[in-house]
**Q** 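Would you mind keeping the following structure in view while I ask a few things?
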Amino acid sequence: RGAHVIALVTGAVPSTLVTLADEVVEIRRIDLELVRTVIRAVTGQVAKHLDAADIVGLDLVNLVAAVRSGSTAAACVRKLQMLRRNFVTSVDRPEVPVLADLVGYGAAVEWAHAIDADVDRYRAGATVTFETAVFHGPPGTGKTALVNSIAKTARIPLFTTSIAAWISRGEGNLGDALCAIDKYVETVAAAAPAVAFIDEIDALPDRARLSARNRDWWLPLINRALLAVESLRRYDPPIVLVAATNRVTDLDPALVRAGRFDRLIEIPPPGVADLAAILDQLLGGEVPEAVLLQIASARRGATGADAQLWVTAAKRRASLEMRPVTAADLRREAIPPDDRRV
């Protein structure tokens with residue numbers, strides 16, 4: 001009828017639209033060069049102290065809010081840096097260890113080192129497709145910590161989400177949840193190369209186990225999540241996609257197949273030697289290795305999270321008494337005395 005039609009598409013463009021459109025316009029990614037160009041056009045000044053790290057994770061709404069007419073380039077940069085602080089990543093956190101300092105992860109840390117090497121190859125100009133993985137194992141074995149370490153070692157931003165975060169957005173209705181998935185994909189893609197981490201992914205139910213009552217609500221969400229996984233895998237620059245779960249048997253088979261999550265990697269509790277090494281790392285060499293091995297042997301099957309709890313409590317006790325932590329402090333927390341009487 002003579003009306004103009006504009007189609008806005010994120011990700012892959014349907015071939016029919018490309019074929020029939022009078023014109024196809026690709027909107028480029030927001031990068032450092034583009035932001036500097038916009039700041040100069042708006043303020044007439046050069047953004048001298050703007051770095052790529054200052055815009056990681058920021059979308060168009062953030063940038064429009066920060067770059068204001070009548071402002072100075074320096075003021076725009078300060079506002080961008082203020083907004084950037086809302087996207088604190090593992091790269092910014094000194095307490096997150098790099099991969100070389102981790103112990104007790106087995107095959108999972110080998111996979112992580114391979115991902116780090118792939119990131120370096122990408123930066124060197126190679127065409128790289130990152131393998132995807134689901135880390136699984138008992139609670140407290142360090143799945144989230146390993147993902148943080150991957151991001152810090154590779155020097156790329158980390159964006160963490162969960163099924164609970166999606167369904168709690170807005171008023172919690174299905175439309176809000178679907179929009180939350182799309183927003184997450186867009187945010188990660190804008191910062192790529194990056195790590196996209198879906199924690200507690202078992203909260204996304206297996207479609208074969210859905211009840212008739214819940215099926216109509218969950219099916220669209222599950223299908224959108226599957227499409228989101230495929231979309232994150234297709235982006236260039238590439239995205240490292242990782243998920244974690246304590247209940248791997250609850251995952252939908254369509255989620256954990258090649259082309260979505262390629263590998264299932266178990267992270268079990270550390271062995272005795274690894275548990276002792278974790279304790280030594282947390283204590284900074286303040287307790288003799290022989291004592292650590294004794295404690296680790298007595299607490300066989302404990303996790304890295306357990307070790308962190310013991311060390312924190314031992315250090316607190318020592319700090320209250322204004323003295324260094326001792327083997328006795330650690331032993332008291334890891335192997336508390338049994339005061340029961342027969």
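Heavy atoms only: backbone and side chains are in, while hydrogens, waters and symmetry mates are out.
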**Q** Counting N and O atoms only, with roles assigned by atom type, does the side chain of Q281 sit under 3.5 Å from a partner on the main chain of D101, one being a donor and the other an acceptor?
**A**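 Confirmed, Q281 side chain pairs with D101 backbone.
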**Q** Within a reach of under 6.0 Å around CZ of R257, are more than 12 heavy atoms found that belong to other residues, nucleotides or ligands?
**A**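 Enclosed: over 12 neighbouring heavy atoms sit under 6.0 Å from CZ of R257.
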**Q** Looking at R323 and E286, does any basic side-chain N land under 4.0 Å from a carboxylate oxygen?
**A**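 Answer for the salt bridge query: no.
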**Q** Taking the side chain from T153 and the backbone from I150, do they hold a donor-acceptor pair closer than 3.5 Å?
**A**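 Looks like no, no N/O pair under 3.5 Å.
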**Q** Applying side-chain hydrogen bond (donor to acceptor under 3.5 Å, both in side chains) between K143 and each of D199, T245, N246, report the one that passes.
**A**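 Among the candidates, only N246 passes.
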**Q** Check whether more than 12 heavy atoms from other residues, nucleotides or ligands sit under 6.0 Å from atom CG of L20, and answer yes or no.
**A**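 Yes, the 6.0 Å shell around CG holds more than 12 heavy atoms from other groups.
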**Q** Are side-chain heavy atoms of I167 and W217 found at a separation under 4.5 Å?
**A**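 They are in side-chain contact.
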**Q** Check whether any side-chain heavy atom of L204 sits under 4.5 Å from a side-chain heavy atom of D252, and report yes or no.
**A**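 When only atoms from C-beta onward are counted, D252 and L204 do not touch, as no gap falls below 4.5 Å.
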**Q** Can you establish whether the number of heavy atoms outside R247 located under 6.0 Å from its atom CZ is more than 12?
**A**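 Check fails, neighbour count at 12 or below.
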**Q** Given L255 and V229, is the side chain to side chain contact (heavy atoms under 4.5 Å, CB included) satisfied, shown in steps?
**A** CA-CA 8 Å; L255 188 66; V229 169; 4.3 Å; yes
**Q** Quick check: are there more than 12 heavy atoms from other residues, nucleotides or ligands sitting under 6.0 Å from CZ of R123?
**A**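 It does: R123 CZ has more than 12 such atoms within range.
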**Q** Please round to the nearest 0.5 Å and tell me the distance separating atom CG of L275 and atom CG of D280.
**A**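 Answer for the CG-CG pair, L275 versus D280, is 11.5 Å.
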**Q** One pair to check against side chain to side chain contact (heavy atoms under 4.5 Å, CB included): F130 and I239. What are the steps and the verdict?
**A** CA-CA 7 Å; F130 294 142; I239 293 166; 5.7 Å; no
**Q** Surrounding CD of E289 (heavy atoms of other residues, nucleotides or ligands, distance under 6.0 Å), is the total greater than 12?
**A**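 Incorrect, the count does not exceed 12.
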**Q** Return the orientation label for the W166 and Y184 ring planes: parallel under 30°, perpendicular over 60°, tilted otherwise.
**A**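 Tilted: the ring planes of W166 and Y184 meet at 30° to 60°.
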**Q** Kindly indicate, with the supporting measurements, whether the criterion side chain to side chain contact (heavy atoms under 4.5 Å, CB included) is fulfilled by I55 and L83.
**A** CA-CA 9 Å; I55 63 170; L83 290 168; over 6 Å; no
**Q** Is it true that D329 and R332 make a salt bridge, defined as a side-chain N closer than 4.0 Å to a carboxylate O?
**A**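 Salt bridge flag = no for R332 with D329.
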**Q** Can any side-chain N or O of R68 pair as donor or acceptor with the backbone N or O of A65 at less than 3.5 Å?
**A**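 Between the backbone of A65 and the side chain of R68 there is a qualifying donor-acceptor contact (under 3.5 Å).
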**Q** After noting the C-alpha distance and the side-chain angles of V35 and V38, does the key distance pass the side chain to side chain contact (heavy atoms under 4.5 Å, CB included) rule?
**A** CA-CA 5 Å; V35 175; V38 171; 5.7 Å; no
**Q** Once rounded to the nearest 0.5 Å, what's the spacing between atom CG of L221 and atom CG of L178?
**A**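 Those atoms lie 6.0 Å apart.
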**Q** Report yes or no: does T187 contribute a side-chain atom to a donor-acceptor pair with the main-chain N or O of K183 at less than 3.5 Å?
**A**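 Looks like yes, one N/O pair under 3.5 Å.
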**Q** I need the T132 OG1 to R233 CZ distance, nearest 0.5 Å.
**A**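 Answer for the OG1-CZ pair, T132 versus R233, is 4.0 Å.
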**Q** Minimum heavy-atom separation for P139 to T303, with atom names?
**A**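 Looking at all heavy atoms of both residues, the closest pair is O-CG2, 3.7 Å.
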**Q** Can you confirm whether L282 sits close enough to W310 that some side-chain heavy atom of one is under 4.5 Å from a side-chain heavy atom of the other?
**A**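 No. Closest side-chain heavy atoms not under 4.5 Å.
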